[in-house]
Protein chains: 2
Amino acid sequence: MTELEQYINSYFGLNAEDLAIVASLFKPSVLLKGDYYLKTGGYCNKLSFISSGMLRVFVLQDGKEITQWISTTGYFVTDLASLTFEVPARWNIQALSDTQLFTIDKEDYNRIGDLVPKWHKMEKLFMTKCFTIMEDRIFAFLSMTAEQRYDFFFEHNRELFNQVPLQYIASMLGMTPETFSRIRRKALS
Amino acid sequence: MTELEQYINSYFGLNAEDLAIVASLFKPSVLLKGDYYLKTGGYCNKLSFISSGMLRVFVLQDGKEITQWISTTGYFVTDLASLTFEVPARWNIQALSDTQLFTIDKEDYNRIGDLVPKWHKMEKLFMTKCFTIMEDRIFAFLSMTAEQRYDFFFEHNRELFNQVPLQYIASMLGMTPETFSRIRRKALS
DNA sequence: TGGACTGCTTGATATAAATCAAGAATTCAG
DNA sequence: CTGAATTCTTGATTTATATCAAGCAGTCCA
């Protein structure tokens, strides 16, 4: 099994044959640090798997960048609404480091369902898992203080803290870099 | 077309025949005000469509109720993760008023994909729309003040404000009832 | 090798929102 | 209809977090 097949296999329950078909539709590509995968307003016509590196999903709002998410090695990245409904993308997606991707274009993505009948069902299950994560995230904003969100996120994403500028993590947790820094000092002591 | 078929049709692009098959699997039922559709820790083995009335999705946390969402007429309700993966439910779901439902049990829900091949694909598209709504909601917490969240929500859900206790809306917007009340007074003037 | 960035920290202050407490207005049940 | 619950409002106060401002520490080069 190739690296890509292993990753896809960890998300989707497919047999070896189907796995090979799906994997064959993804092509390797590289983004350099700072390169944009997608810009707000553009049309996202691809879905990618991050083989190494990381990407930041953000929006420019009133002169400030709001980081929505950071996608790291082993995760998928796209603007799902733009890919699916052909609407302008809501997000900027930019490489935080040199990043290796496996990318499938929209035409091939839309063909997977024909080639692998189980695909839609598998993808639905995958999306259900993402759903749960988003629900947790919303719940965190409804019920936790900044400090509790920091602790929770740190517990579950320790490695990210030495890999990306902390201000981006602060933003995706809904706090300023200053607040993040103060909470961090407290947590380290 | 029955009422239920019309509603299903508004979410899923199915032909008349498939629509009738799907609709036939839902059975009408009633919840009285205060009745629980689901309790935290239970297993959710059903998915329902709200024909009239409304349900509140909430969690009891440190003695406080956190309202995650209010589902109203024309929307679906379930604990998706519990239904899909057979894990204990995360949410309480309780009727805020007498509510009429069309309900499908898990066994029939899982059969839809066999009866209507297009189903998984349609459901995936439906989930993608829900995704966008959840992303918007997360973004609101990342970038807006309580007042801005109030205004935005009011703009898009005016009718809810005369139908449910405002404290629940306050909770799902991530603020206290007192803050909600003050913002409301300001907005009304 | 020494600026010029970029990112992080720290302190002082301002502001938004929570909490606490009481009372008014609704709704509901007998 | 009436008393009891529930829900909403309002004011006083506290607390969490943002903002503003400055300085420091790496690092990226030219």
Side-chain angles (χ1 to χ4, degrees), chain A residues 32-35 54 56 58 60-67 70 94-98 138-154 158 160-189, chain B residues 32-35 53-54 56 58 60-67 70 94-99 138-154 158 160-189:
Chain A
L32 297 181
K33 180 175 178 173
D35 285 353
M54 49 190 79
R56 179 170 72 107
F58 71 99
L60 196 64
Q61 167 113 329
D62 306 327
K64 273 189 285 190
E65 290 181 352
I66 312 285
T67 297
I70 294 168
Q94 187 182 26
L96 285 178
S97 62
D98 293 354
I138 290 170
F139 190 72
F141 285 112
L142 295 182
S143 70
M144 293 184 191
T145 63
E147 189 168 345
Q148 290 170 322
R149 295 199 299 277
Y150 176 100
D151 289 341
F152 187 84
F153 190 79
F154 182 71
R158 244 169 234 276
L160 209 60
F161 284 65
N162 348 319
Q163 294 180 337
V164 307
L166 299 178
Q167 54 181 317
Y168 299 147
I169 301 180
S171 177
M172 71 182 266
L173 291 178
M175 66 187 82
T176 61
E178 292 95 331
T179 294
F180 185 95
S181 173
R182 282 182 249 264
I183 290 173
R184 180 167 176 254
R185 178 175 35 152
K186 204 165 147 191
L188 289 176
S189 67
Chain B
L32 296 181
K33 180 174 179 174
D35 286 353
M54 48 190 77
R56 178 169 71 108
F58 71 97
L60 196 66
Q61 168 113 326
D62 306 328
K64 273 190 287 191
E65 289 181 352
I66 312 285
T67 297
I70 294 169
Q94 188 182 24
L96 284 179
S97 62
D98 294 355
T99 298
I138 290 170
F139 189 72
F141 285 113
L142 294 181
S143 69
M144 294 182 191
T145 63
E147 190 168 345
Q148 290 169 322
R149 294 199 298 277
Y150 175 99
D151 289 341
F152 186 84
F153 190 78
F154 182 70
R158 246 169 233 276
L160 210 59
F161 284 65
N162 350 320
Q163 295 180 336
V164 307
L166 299 177
Q167 56 182 314
Y168 300 147
I169 301 179
S171 178
M172 72 181 264
L173 290 178
M175 65 187 82
T176 61
E178 292 94 331
T179 294
F180 184 94
S181 174
R182 282 182 250 265
I183 290 173
R184 180 167 176 253
R185 177 175 37 150
K186 204 166 149 191
L188 288 177
S189 68

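Chain letters run A, B, ... following the sequence lines, proteins first and then strands; every chain starts at 1.
Taking the side chain as every heavy atom from C-beta outward, Leu142(A) and Phe141(B) approach each other to under 4.5 Å. Side-chain atoms of Phe180(B) and Gln167(B), non-hydrogen and from C-beta on, never get closer than 4.5 Å to each other. Here the side chains of Arg185(A) and Arg182(A) are in contact, with some heavy-atom distance below 4.5 Å. Between Arg56(A) and Val164(A), the closest side-chain pair of non-hydrogen atoms is not below 4.5 Å.
When the P atom of dA16(C) is taken as reference, atom CG of Asp151(B) falls 14 Å away, rounded to whole Å. Atom C1' of nucleotide dA16(D) and atom CD of Gln148(A) are separated by 12 Å, given to the nearest angstrom. Between Asp62(B) atom CG and dT19(C) atom C1' the separation is 16 Å, expressed in whole Å. Rounded to whole Å, the distance from CG on Leu142(A) to P on dA17(C) is 15 Å. The OH-P distance, from Tyr150(A) to dA16(D), rounds to 18 Å in whole Å.
Between Thr145(A) and dA16(D), a side-chain N or O to OP1/OP2 separation shorter than 4.0 Å is absent.
Using cut-offs of 30° and 60° for the angle between ring planes, the Phe161(A) and Phe153(A) rings count as tilted.
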Nucleotides 23-29 of chain D: which of its N/O atoms have a protein N/O under 3.5 Å away?
none

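Of the candidates dT7(D), dA18(D), dA17(C), the closest approach to any side-chain atom of Gln167(B) belongs to dT7(D).
Remark: Leu160(B) CG to Ile70(B) CD1 distance equals 5.0 Å, nearest 0.5 Å. Here the CD1-CG distance, from Ile183(A) to Asp151(A), works out to 8.0 Å after rounding to the nearest 0.5 Å. Between Lys33(A) atom NZ and Met54(A) atom CE the span is 10.5 Å, to the nearest 0.5 Å.
For the segment residues 177-189 of chain B, the set of residues with a heavy atom within less than 4.0 Å of an atom of DNA chain D comprises Glu178(B), Ser181(B), Arg182(B), Arg184(B), Arg185(B), in numerical order.
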